Amino acid sequence: MSLPNKFDSKVSEKSLQEIWETNKTYKWEEKSQEESFIVDTPPPTVSGSLHLGHVFSYTQTDIVTRFQRMIGKNVFYPMGWDDNGLPTERRVQNFFGIKCNPNVKDQADFKPNYNFDPKKDQVVEVSRKDFISACVELTTKDEVAYEAMWRRLGLSVDWTQTYSTIDPHSQKISQLSFLDLAKNNQVYNLESPTMWDVDFQSAIAQAELEDRERPGAFHDLKFQMESGDEFIIATTRPELLPACIAVVAHPSDLRYQKFFGKTAITPLFYAPVPVLASEHAEPDKGSGIMMICTFGDINDVQWWKSSQLPIKQVINLQGIIRPVTFGEDAFVSIKPDIANSNYQQLVGLYLKQAQKKIVELLAQPDSAIDGKSAALFAEPKAITHSVKFYEKGDRPLEFIPTRQWFIKTLDHKEALLEQGTKINWHPEHMRVRYENWVKGLNQDWCVSRQRYFGVPFPVWYPINALGEVNYTQPLYAEAQDLPVDPMSQVPKGFTESQRGQANGFIGDPDVMDTWATSSLTPQLSSHWGSNAERHQKLFPANIRPQAHEIIRTWAFYTIVKSWQHFGEIPWKDILISGWVLDPERKKMSKSKGNVITPESLFDEYSPDAIRYWTAKARLGADTAIEEAIFKMGGKLCTKIFNASKFVLMQFERINLDIKDYNLADINCELDRALVANLQEVIAESSKALENFEYTTALKLIEDAFWDFCDNYLELVKVRSYQDDNNPERKSAMSALAWSLKTFLKLFAPFVPYVTEEVWQESFKDGKNPAIHKSTWPTTNEASNVLKPSYSKAYSSATEVISKVRGVKTASQKSLKWEIAELNIACNAEAQQALESVIDDLLQAANVKDQGLVFTATSNQETELQVSVILSENWSQ
RNA sequence: GGGCGCUUAGCUCAGUUGGUAGAGCAAUAGCCUUACAAGCUAUGGGUCGCAAGUUCGAGCCUUGCAGCGCCCACCA
């Protein structure tokens with residue numbers, strides 16, 4: 001039984017991990033829900049590598065989890081991999097140089113190209129099946145690296161409980177969820193203008209929107225009434241002029257009242273459009289009169305929906321001006337020839353180029369309706385305005401009519417707000433973000449994506465005798481057949497030969513929003529739908545740890561699903577972590593190039609040291625990377641190790657086993673005081689950890705530990721050095737052993753490696769083969785140890801010893817230097833207290849025999865005065 | 001425009017129910033001390049963002065203001 005001279009994390013990590021592994025330290029036992037503590041672990045997105053932000057928030061969860069395990073909870077701490085969805089597709093595209101094209105044939109022996117060089121090689125189009133196999137191959141590789149990182153960080157995950165969001169299990173549950181919602185009439189598909197990313201070629205949901213500041217310009221366009229009157233419209237999107245369906249002004253706007261109900265003519269395209277009154281127009285914005293186009297923004301969509309006007313769709317799915325003919329269908333024009341020749345110049349252009357072109361046309365001196373002036377009334381005025389983007393996209397979103405699946409949320413705002421109040425939010429104020437989001441919802445959840453690597457909809461659509469697809473009565477898969485791929489499997493009662501034929505069917509080609517799967521993480525863990533017994537034991541979960549920027553997505557959608565399926569909340573507590581900021585206080589992100597890899601920090605400081613840094617940050621608080629804190633963590637670990645070494649040494653010197661200490665031996669006042677102090681630390685830190693306030697707990701434990709090292713160890717040292725195992729020494733030894741054991745356990749959730757290393761060489765026994773499965777200290781344990789006779793004895797002794805050190809330091813003497821006379825001036829009460837521990841105090845201060853003098857002060861005087869005369873010549 | 005949070009020592013942050021302002025780092029001066037020199041000891045350092053109010057008493061409670069950050073909405 002002995003510790004190495006120094007603790008070297010790199011040397012020990014592997015063997016400590018093996019100890020945890022062989023003892024199945026983190027394994028969940030199938031026990032009742034009441035006995036368990038269930039973590040709804042965030043499945044990290046598999047798209048490259050984990051960064052310090054992950055380390056930060058996952059460690060905070062791990063601390064809570066380790067504490068719960070030690071207080072006897074049967075912890076369920078799974079790990080998922082979020083490997084479906086766009087980030088993975090994008091990574092696979094760049095990594096292997098392939099692109100999915102559903103029209104390409106499968107290759108018999110498809111192998112992704114690991115040597116793809118974007119500078120030299122061409123991007124190859126591959127089939128949907130081949131693309132998906134490449135996605136699976138790369139994510140599988142990434143997941144191996146992720147797991148290694150998590151293990152090194154020391155996450156106490158049960159590695160037998162894993163899933164990935166693309167695996168058949170997750171697909172099945174995602175599809176089951178969809179079918180359950182369909183059964184309850186909570187989903188619908190609809191062809192309607194939807195937010196569309198022209199690069200990714202997919203619809204997106206409100207939750208994935210992001211505003212970005214972009215340069216733009218107001219263009220003042222001259223419109224004319226049939227009567228010949230003119231007015232000016234200000235627009236930032238002149239390229240949508242051919243899609244103008246109406247012109248609106250506020251009903252009370254005197255300037256335009258005379259035009260209401262009449263018809264205006266658009267420049268360039270000579271389209272007659274109604275001038276209408278609408279509350280939606282604001283008189284003091286622009287010229288007070290605005291054009292409605294299909295579609296410039298969400299307001300246009302909403303206005304159009306409540307009107308009876310037709311759509312004029314000029315933008316295609318790629319964000320290119322599509323061919324249309326003026327004079328036909330919705331594109332009415334009083335001069336179709338001119339309209340078409342103008343429009344022809346825009347066809348085929350991307351929106352940006354189209355804007356440039358149309359401004360040129362509008363600027364021509366005869367472009368106005370009267371033929372005598374330019375329709376562009378003034379030079380465009382440059383502005384900066386915010387534009388809606390898909391958060392992962394590069395070009396502004398467009399509203400384009402497409403058929404999509406939606407999950408109903410707008411009807412349930414009240415219920416969802418109520419669900420939010422049933423959950424405990426940590427920190428509490430994060431609930432407000434959830435509530436703001438729910439209140440601000442303006443669209444149902446669009447869940448279909450026109451992508452490939454995701455969960456398909458378990459849906460086919462019948463085709464009638466005329467070859468028309470009937471979207472209103474989809475053919476749903478049967479629950480027992482899940483997961484299904486409607487593109488390769490057929491609906492009940494049909495054969496493959498009927499695919500795409502009259503009286504046949506087609507499969508839904510889309511995949512689900514990745515959040516449609518992530519919103520089911522509690523159910524993915526509980527095996528909802530396939531193992532009812534297990535589901536009952538694991539749902540709802542105890543905690544959901546997550547970051548604040550995904551309250552509107554992950555937290556919200558999870559609450560939605562849980563409510564729709566079970567009418568329940570998915571977890572009791574939600575723990576919101578903050579962000580990691582770089583030293584310049586900017587959010588860490590790959591694009592900014594300020595990412596430090598966790599591995600390099602583990603190598604430099606040790607995983608325990610990095611964990612310490614994460615434990616110093618409160619939930620919800622953004623935290624900068626600070627090397628000083630890593631160093632502090634490292635120092636703490638060294639101190640834990642050295643103090644342990646000291647205690648163990650005292651036992652080794654007289655060949656005793658540290659496990660044989662006896663609390664009944666603790667009789668000395670100083671030792672009783674230590675126990676009493678530590679009892680309080682146990683009580684308060686436990687309370688804090690139960691409330692997820694691990695920072696508070698760590699501070700209490702740490703302060704007590706440094707005091708233990710700086711003061712108690714110094715005071716008890718000489719007594720413990722005695723070779724004779726007398727009662728005083730026995731008292732010291734038992735106090736040392738018990739307090740070391742207690743400190744190791746208290747620190748274990750925070751710094752699992754160093755505490756385990758010491759445990760293995762000290763308190764390990766058959767019942768407690770690993771510290772992380774030992775029991776958390778309770779105040780009961782040492783409740784029979786007598787309380788100190790004087791509550792002030794310990795703190796007064798500490799105060800005296802500190803003043804003595806001050807004198808020695810000021811005299812530039814070693815702290816060991818002998819004191820000829822120690823004079824303590826204090827009141828009677830303090831003197832009694834000090835006398836109870838006086839032997840330890842005098843030895844620690846190295847006071848000469850007969851050198852102590854007490855000077856009595858009045859009882860009103862609470863101050864302790866210490867004066868010291870050092871021996872002149874002293875040598876050891 | 002609405003909401004939330006933050007503002008305490010040079011830096012990073014604690015500060016429970018209102019009761020004499022704390023820690024670490026940095027700075028300064030020292031010390032080989034039978035665990036630890038990758039260590040230890042001591043010292044200096046603050047108008048608690050500003051203003052007003054409540055109170056015997058405010059870093060903490062109330063109101064207003066300012067700066068910073070974030071969330072949401074609007075954006076012709």
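These values consider heavy atoms only, across backbone and side chains, with no hydrogens, waters or symmetry-generated copies. Because the structure is predicted, anything quoted here is derived from the model rather than measured. We name chains A, B, ... by the order of the sequence lines, and we start the count at 1 in each one.
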Pairing check on [N]: which nucleotide meets the Watson-Crick or G-U wobble criteria with it, both distances under 3.5 Å?
N: B/G53; answer: B/C61
N: B/G45; answer: none
N: B/U7; answer: B/A66
N: B/A21; answer: none
N: B/C75; answer: none
N: B/U34; answer: none

Want to settle it: does A/Glu626 or A/Trp706 sit nearer the 5' end of RNA chain B, counting the closest nucleotide to each?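 Here A/Glu626 is the residue nearer the 5' end.
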Judged by each residue's nearest nucleotide on RNA chain B, which is more toward the 5′ side, A/Ala628 or A/Lys808?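 Closest to the 5' end, via its nearest nucleotide, is A/Ala628.
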Distance below 4.0 Å between [X] side-chain N/O and [N] OP1 or OP2:
X: A/Lys717; N: B/A35; value: yes
X: A/Lys635; N: B/C25; value: yes
X: A/Gln206; N: B/A73; value: yes
X: A/Asn442; N: B/A73; value: no

When the [atom1] atoms of [M] and [N] are compared, how many Å lie between them, rounded to an integer?
N: B/G18; M: B/G30; atom1: C1'; value: 41 Å
N: B/A58; M: B/G45; atom1: P; value: 24 Å
N: B/A21; M: B/G46; atom1: P; value: 13 Å
N: B/G2; M: B/C60; atom1: C1'; value: 28 Å
N: B/A9; M: B/G59; atom1: P; value: 14 Å
N: B/U47; M: B/U8; atom1: P; value: 12 Å
N: B/U7; M: B/A51; atom1: C1'; value: 16 Å
N: B/U41; M: B/C36; atom1: C1'; value: 14 Å

Return the value, rounded to whole Å, for the distance between atom [atom1] of [X] and atom [atom2] of [N].
X: A/Asp211; N: B/C74; atom1: CG; atom2: P; answer: 8 Å
X: A/Gln812; N: B/U28; atom1: CD; atom2: C1'; answer: 13 Å
X: A/Asn436; N: B/G5; atom1: CG; atom2: P; answer: 11 Å
X: A/Asp710; N: B/A23; atom1: CG; atom2: C1'; answer: 13 Å

Is there a donor on the side chain of A/Ser386 or the base of B/C74 sitting less than 3.5 Å from an acceptor on the other?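 Such a pair exists between side chain and base.
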Classify the side chain of A/Thr638 versus the base of B/C36 as yes if they form a donor-acceptor pair under 3.5 Å and no if they do not.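 No, no donor-acceptor pair under 3.5 Å.
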Does some side-chain heavy atom of A/Ile576 sit less than 4.5 Å from a side-chain heavy atom of A/Pro427?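 In contact.
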Determine whether A/Leu241 and A/Pro267 make a side-chain contact, defined as any pair of heavy atoms from C-beta on separated by less than 4.5 Å.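 A side-chain contact exists here, since the closest heavy-atom pair is under 4.5 Å.
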What orientation do A/Tyr434 and A/Trp425 show, parallel under 30°, tilted 30 to 60°, or perpendicular over 60°?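 Judged by the thresholds at 30° and 60°, the geometry between A/Tyr434 and A/Trp425 is tilted.
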Could you tell me how the ring of A/Tyr661 sits relative to the ring of A/Phe763: parallel (under 30°), tilted (30 to 60°) or perpendicular (over 60°)?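 Ring orientation, 0 to 90° scale: perpendicular.
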Within 45° of the ring axis of A/Trp613 and under 6.0 Å from its six-membered ring centre, is that where the NZ or CZ of A/Lys616 lies?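 No - A/Lys616 does not lie over the ring of A/Trp613 by the 6.0 Å and 45° rule.
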Does the pair A/Asp211/A/Lys388 count as a salt bridge with the N-to-O cut at 4.0 Å?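 A/Lys388 and A/Asp211: salt-bridged.
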Is the closest basic N to carboxylate O distance between A/Arg805 and A/Asp710 below 4.0 Å?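 No, no charged N to carboxylate O under 4.0 Å.
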Using the side-chain heavy atoms of A/Lys816, tell me which of these nucleotides is nearest: B/C75, B/U33, B/A35.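 Closest nucleotide among those given: B/U33.
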